[in-house]
Amino acid sequence: MKYIDEYRQQELAQGLAREIRRTVTRPWVLMEVCGGQTHSIVKYGLDHLLPKEVELVHGPGCPVCVTPLEMIDRAQAIARRPDVIFCSFGDMLRVPGSESDLLILKSRGADVRVVYSPLDCLKIARANPDKKVVFFAIGFETTAPANAMSVWQARQEGLRNFSVLVSHVLVPPAMEAILQSPDNRVQGFLGPGHVCTVVGYEEYEPIAAKYHVPIVVTGFEPLDLLQGTLMALRQLEAGKAEVENEYPRVVKREGNRVAQDLVGKVFEVCDRAWRGVGTIPQSGYRLRDAFRDYDAEHLFQVGSIKTQESPICISGLVLRGVKKPHDCPAFGKECTPQHPLGATMVSAEGACAAYYTYGRHLHMKPAAAGKAKELEVAHS
């Protein structure tokens with residue numbers, strides 16, 4: 001299939017791996033920001049093609065993974081109401097809250113529906129004027145334009161029974177938070193291709209200059225990721241720190257100005273909590289005051305709900321690139337896709353789920369396996 005198979009050619013991948021081995025002269029740590037990139041790396045075993053000097057760590061670019069536990073609980077509090085039709089993308093239904101998940105609520109009678117676009121919710125709202133239709137608006141800059149459009153269109157139509165529970169986060173502030181952390185190991189980034197499709201990569205240039213780290217905007221196919229890795233390593237070896245675009249077939253430096261304009265009309269930047277990471281200043285979106293009547297958190301008064309993370313789950317360390325999934329003593333034991341402790345296991349883009357799906361839990365490091373056994377004994 002054109003544009004898919006040609007980015008998965010084995011000979012070209014092996015050629016890029018050989019060039020990476022020729023390029024590297026010392027150890028380097030790169031972070032792929034996006035969960036989709038993590039999934040491809042683990043699925044195709046790209047990290048195993050790299051020389052031992054090159055380590056890939058997994059970043060916070062999985063929107064489901066970084067949605068705070070308290071926001072999941074707020075969503076469930078709204079979904080339990082008999083006058084509500086709660087709509088969400090499918091990957092949020094099995095994300096565990098403090099006591100349950102949206103799928104369990106649905107099985108108990110809550111009107112929880114999977115949609116493929118926030119605009120689908122407007123159709124549901126028109127067809128159910130006696131119900132309050134709420135959309136769970138999560139994600140990075142990638143999903144913000146469609147979510148903004150749904151709110152904009154609802155106001156244009158005067159549709160009063162539609163609202164959004166907003167939990168939007170932004171990539172650049174998270175990258176800066178990682179680089180400022182005292183336990184940071186990241187020396188270069190494979191930038192998020194889909195995010196940059198919307199916002200471009202101009203705002204990444206000051207980050208590369210300030211922290212002296214190369215950032216290579218990269219696609220999601222094996223050859224994209226290997227080529228992006230090679231470009232980042234060439235910069236590191238040469239002492240450079242620039243933003244490069246490996247994904248020009250999709251990404252432009254300026255991004256999509258029309259989408260950016262719409263997002264700016266509906267949303268404004270605010271502080272946001274990230275699951276496992278904490279609150280990062282100016283790292284998210286919220287609705288502007290002009291659209292307050294479409295803010296579900298305000299309408300249903302759920303903002304006061306606060307919760308605690310599982311003390312066993314180390315997803316925060318995984319999202320910051322400090323640990324790998326198999327470093328967690330619960331990985332593949334107490335924590336599986338069927339019984340996840342955290343969103344990095346339940347999300348299709350989560351690093352833990354990717355490691356589990358492709359058998360990395362069957363080849364844990366001896367230390368990690370020993371810790372898992374100790375934990376299993378302790379809980380028995």
Side-chain angles (χ1 to χ4, degrees), residues 2-61 171-172 175 178-179 184-197 200-205 207-253 321 324 349 351 354-355 358 360:
K2 189 172 177 61
Y3 300 129
I4 296 294
D5 286 351
E6 61 188 19
Y7 289 98
R8 299 177 181 176
Q9 294 183 43
Q10 184 176 0
E11 290 185 7
L12 293 179
Q14 291 174 342
L16 285 169
R18 287 192 294 271
E19 184 60 28
I20 289 171
R21 286 192 287 271
R22 286 193 290 266
T23 299
V24 173
T25 62
R26 51 169 290 190
W28 299 108
V29 178
L30 301 178
M31 171 179 280
E32 81 279 356
V33 174
C34 182
Q37 294 168 328
T38 300
H39 191 86
S40 291
I41 287 168
V42 178
K43 177 180 180 179
Y44 295 104
L46 302 184
D47 49 342
H48 289 171
L49 287 177
L50 301 176
K52 60 180 175 59
E53 292 85 359
V54 181
E55 181 182 1
L56 296 179
V57 295
H58 317 307
V171 171
M175 292 171 64
I178 289 168
L179 291 169
N184 173 55
R185 303 169 56 229
V186 178
Q187 297 165 292
F189 289 96
L190 303 183
H194 288 164
V195 167
C196 292
T197 301
Y201 52 87
E202 291 172 298
E203 61 185 317
Y204 291 85
E205 293 167 351
I207 297 175
K210 179 179 179 180
Y211 299 96
H212 200 71
V213 293
I215 302 172
V216 180
V217 179
T218 309
F220 299 84
E221 296 299 330
L223 296 189
D224 286 318
L225 292 160
L226 288 170
Q227 179 65 32
T229 299
L230 176 59
M231 293 165 69
L233 291 170
R234 282 173 171 168
Q235 284 199 52
L236 287 168
E237 290 283 341
K240 295 181 178 180
E242 301 171 350
V243 178
E244 291 187 274
N245 182 18
E246 183 279 331
Y247 205 28
R249 64 186 187 276
V250 175
V251 173
K252 298 179 181 178
R253 181 174 182 269
K324 296 287 184 69
E349 291 189 354
Y355 272 56
Y358 299 108
R360 297 291 177 91

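Remember, predicted model here, so these are calculated numbers, not experimental data.
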Glu221 meets the side chain to side chain donor-acceptor pair (under 3.5 Å) criterion, sequence neighbours left out, with Arg8
Results of side chain to side chain donor-acceptor pair (under 3.5 Å) for Glu203 - residues two or more places apart only: none
Side chains of [X] and [Y]: does their closest heavy-atom pair fall under 4.5 Å?
X: Met31; Y: Pro60; result: yes
X: Trp28; Y: Thr229; result: no
X: Val33; Y: Leu190; result: no
X: Val24; Y: Ile20; result: yes

Donor-acceptor under 3.5 Å (Gln37 side chain, Cys34 main chain): yes
With distance as the sole test, does Glu246 use its side chain to make a donor-acceptor pair with the main-chain N or O of Gln227 at under 3.5 Å? no
Minimum-distance pair of heavy atoms, taken over all atoms of [X] and [Y]:
X: Asn245; Y: Val251; answer: ND2-O, 3.0 Å
X: Gly228; Y: Thr218; answer: CA-OG1, 4.0 Å
X: Gly239; Y: His212; answer: O-NE2, 3.2 Å

Is there a donor in the side chain of [X] and an acceptor in the side chain of [Y], or the other way round, less than 3.5 Å apart?
X: Gln235; Y: Glu242; result: no
X: His39; Y: Tyr44; result: no
X: Glu32; Y: Thr38; result: yes

[atom1]/[X] to [atom2]/[Y] distance, rounded to the nearest 0.5 angstrom?
X: Ile41; Y: Tyr355; atom1: CD1; atom2: OH; result: 9.0 Å
X: Phe220; Y: Ser40; atom1: CZ; atom2: OG; result: 8.0 Å
X: Leu16; Y: Leu46; atom1: CG; atom2: CG; result: 10.5 Å
X: Ile215; Y: Tyr201; atom1: CD1; atom2: OH; result: 12.0 Å
X: Gln14; Y: Gln9; atom1: CD; atom2: CD; result: 11.5 Å
X: Leu225; Y: Leu56; atom1: CG; atom2: CG; result: 8.5 Å

Test side-chain contact (heavy atoms from CB on, under 4.5 Å) applied to Leu30 and Val216, Val186, Leu236, Val57, the passing residue: Leu236
Using the six-membered ring of Tyr204, assess whether NZ or CZ of Arg253 lies under 6.0 Å from its centre and within 45 degrees of the ring axis. no
By side chain to side chain contact (heavy atoms under 4.5 Å, CB included) - contacts of Val250 (at least two apart): Thr197, Tyr247
Ring pair (Phe, Tyr, Trp, His ring centres under 6.0 Å) involving Tyr211 - partner list, sequence neighbours excluded: none
Does anything in residues 226-241 form a salt bridge (charged side-chain N to carboxylate O under 4.0 Å, His left out)? List the pairs, not counting sequence neighbours. Glu19-Arg234
Where at least one partner belongs to residues 36-58, residue pairs that pass salt bridge (charged side-chain N to carboxylate O under 4.0 Å, His left out), sequence neighbours excluded: Asp47-Arg360, Glu55-Arg185, Glu55-Lys324
